Amino acid sequence: MALRLYNTMSSRIEEFRPLREDEVRMYACGPTVYDYGHVGNFRTFVAVDILRRFLRQSGYKVRHVMNITDVDDKIIRNSARDGVSVQQYTAKYETAFLEDAAMINIEQPTLVRATEHIPEMADFVAKLVEKGFAYRADDGSYYFRIAKFPQYGKLSKRDFSGMLDGARVDVDEYDKDSARDFALWKAPKPGEASWDTAIGKGRPGWHLECSVMSMSELGETFDLHAGGEDLVFPHHENEIAQSESFTGKTFVDFWFHARFLLVEGEKMSKSLGNFFTLRDLVLKGHKPSSIRYLLASVPYRNQLNFTFDGLKQGAVSVERLRNFRLRLSAGNFPEGASPEIQSLAADTVERIKSALDDDLNTAQAQGAIFEMVRQANAAFDAGGIKKDDVAPLLAALIKFDEIFAVLDDDDVPKMKRVLDWAVAEGREKDISEELREAVQSGKLSGADVEKKIAEMKAARTARDFKASDAIRTELADAGILVEITKDGIRWRRK
RNA sequence: GGCGCGGUACCCAAGUGGUAAGGGAGAGGUCUGCAAAACCUUUAUGCGUCGGUUCGAUUCCGACCCGCGCCUCCA
């Protein structure tokens, strides 16, 4: 079965077929780098990341481009407020964004920046003016004339036919022909950053950036365009209008939109006190893997209720998967293979694939892997796992993790970086006890722990449980969890 | 007001015209020097309410109630 995806343009689930047989060209609207990214932002980016990973797993070569919006009203306002240049201001938040994305294992797409494509954008506007789709206002700004594009509204399913003949209301400070016409190019206001171009001084409008950069990287028509649900209108609608007016061709085949999340059951907002950046969560002691797991646990088109309880649940779930892998890699198994386990592993791979093929049903894929883990664990206890069963089980787990990316336990170094950042920013007061504790467990190296474990083994052989327990307590205090099993002693970081 | 999405156990959350995945939490049990981990059992005759279609609906249709989103560059 092939991937079926919901397409906002057609409002239905369709079979996804890229234009080129083995390559997918996709563009995602990235962040405007004026502040640290919040969980809501990252829900969308995780959804796109899962799509990207699954496409690749399905055999496609993926060309994935994402913009960094590094010039807009907020950026100009904030950089002026802080007395730094736009470039200085955005560099900091762009770096932070990329670090945060990497922290939750989002693979980095090819990045494009608005400020690096200014001349192309000016040319694009000039061409639209030439074709009659755009016009220059008295102040030097340029607008798109939506009356010239009758299909305007086709993505967001809005009817603008009644609004196409001139403006009844003009609340904007610019002199537009119609209230709905949107800015392609903004003339500079006093003190604002601007570029000198063929069409005059100014800066590109946000919508224009994405049209120009996506087509320049991916061609006039490409396969998929992604973003948060809020971008459907006006951003993506405007991109379509500009791009299709410019080329006369279909801009994008598939429109992919991730739904907003709720935080503790309410819309995230600063005034409700439920507005969290990724770093806020880590400062509270939550692991990046828990965050990614939770963000991936609800299919992207459903509203996800992001809660601290959910974060804890996610942590336990991830722990269970990691523990299963540890068990498989550390255990001793009799020679041979058991048919039941072989087919369990094969079925699980199949179930994960068909769940994801079904409009990226991540919840179902997770259900499949846990079912495998439970059954394999039961077989393990009953001695039903043979040597040759290990590889297929691990393979299924890896297949799952190629998409979900939570198995590798690198949370501690990541959390340490956040802690160091908080110290550097003078935010010690925001560092929770939980975070300090978690980072603490990184102090002992693997070799140090192994040494202690060896001592513990010796003590146990001598049936000196008091000494053994003392070591276990010592390690526990350092954030190392020790487990004594039939096959020996296992440990992991809390 | 226009357009759209959703209401499933204590919590999170899939799903289906034929009788409710998975995870968490709780309880009991197995294993164990003690822990931990793991496993087993257990928690919805029930899927917002009321009608309708049907042999049969949580799943389709209608109405209503409730929550949420977009409609001002907020992912």
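Since this is a predicted model, take the numbers as computed values, not measurements. We name chains A, B, ... by the order of the sequence lines, and we start the count at 1 in each one. We use all heavy atoms of the structure for the numbers below, so side chains are in, but hydrogens, waters and symmetry mates are not.
- At a threshold of 4.0 angstrom between heavy atoms, the contacts of A:Asn305 are confined to the sugar-phosphate backbone, with no base atom among them.
- Listed pair A:Arg490 / B:A37 fails the phosphate criterion, with no side-chain N or O lying under 4.0 Å from OP1 or OP2.
- Each of A:Ser297 and A:Ala378 lies near RNA chain B, and the nucleotide nearest A:Ser297 is the one positioned closer to the 5' end.
- Contact annotation for A:His38: base contact, defined as any heavy-atom pair under 4.0 Å involving a base atom.
- For A:Gln313 against B:G23, a side-chain N or O and a base N or O form a donor-acceptor pair under 3.5 Å.
- In this structure, the nucleotide among B:A14, B:C68, B:C39 sitting nearest to the side chain of A:Ala363 is B:A14.
- Nucleic acid contact for A:Asp73: base, since at least one base atom lies under 4.0 Å from a heavy atom of the residue.
- Nucleic acid contact class of A:Ile369 (heavy atoms, under 4.0 Å, all strands): none.
- Nucleic acid contact for A:Arg320: sugar-phosphate only, since backbone atoms but no base atoms lie under 4.0 Å from a heavy atom of the residue.
- Here A:Lys267 lies in heavy-atom contact (under 4.0 Å) with a base.
- Comparing B:G17 with B:G52, their C1' atoms are spaced 15 Å from each other, to the whole Å.
- Comparing the C1' positions of B:U49 and B:U58 gives an interatomic distance of 14 Å, to the nearest angstrom.
- The same atom, C1', is picked in B:C60 and in B:C74; the two are 37 Å apart, to the nearest Å.
- Taking the six-membered ring where tryptophan is involved, the planes of A:His207 and A:Phe182 are perpendicular, since the angle between them exceeds 60° and thus also 30°.
- Here A:Phe42 does not count as stacked on B:A75, because the ring centres are not under 5.5 angstrom apart with planes under 30°.
- Rounded to whole Å, the distance from CG on A:Asn302 to C1' on B:G69 is 13 Å.
- The CG-C1' distance, from A:Asp159 to B:C71, rounds to 13 Å in whole Å.
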Give the dot-bracket line for RNA chain B from 5' end to 3' end: parentheses for intra-strand Watson-Crick or G-U pairs under 3.5 Å, square brackets for crossings, | for inter-strand pairing, dots for unpaired. (((((((..(((.....[...)))((((((.......))))))....(((((..]....))))))))))))....

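- Distance check on atom P: B:A20 versus B:A44 gives 11 Å, rounded to whole Å.
- A salt bridge links A:Asp408 with A:Arg325: at least one charged nitrogen is closer than 4.0 Å to a carboxylate oxygen.
- Each of A:Gly227 and A:Arg472 has a nearest nucleotide on RNA chain B; the 5'-most of these lies closest to A:Arg472.
- Identified under the salt bridge (charged side-chain N to carboxylate O under 4.0 Å, His left out) test for residues 454-463 of chain A, with sequence neighbours left out: none.
- Backbone-only engagement by A:Asn323 is indicated by non-hydrogen atom pairs under 4.0 Å involving sugar-phosphate atoms exclusively.
- No engagement by A:Leu294 is indicated, since no non-hydrogen atom pair under 4.0 Å with the nucleic acid exists.
- Looking at the side chain of A:Val316, the nearest of the listed nucleotides B:G24, B:C71, B:G69 is B:G24.
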Apply salt bridge (Lys or Arg N to Asp or Glu O under 4.0 Å) to residues A:Glu229 and A:Arg301 and explain how you reach the verdict. CA-CA 9 Å; A:Glu229 63 169 331; A:Arg301 285 200 300 128; over 6 Å; no

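- In this structure, the CG atom of A:Asp309 is 8 Å from the P atom of B:C12, given to the nearest Å.
- Between B:A75 and A:Asn41, a contact under 4.0 Å exists linking OP1 or OP2 to a side-chain N or O.
- Contact annotation for A:Phe370: backbone-only contact, meaning every heavy-atom pair under 4.0 Å involves sugar-phosphate atoms and none involves a base.
- For A:Phe260 and B:A75, the ring-to-base geometry satisfies the stacking test (centroid distance below 5.5 Å, interplanar angle below 30°).
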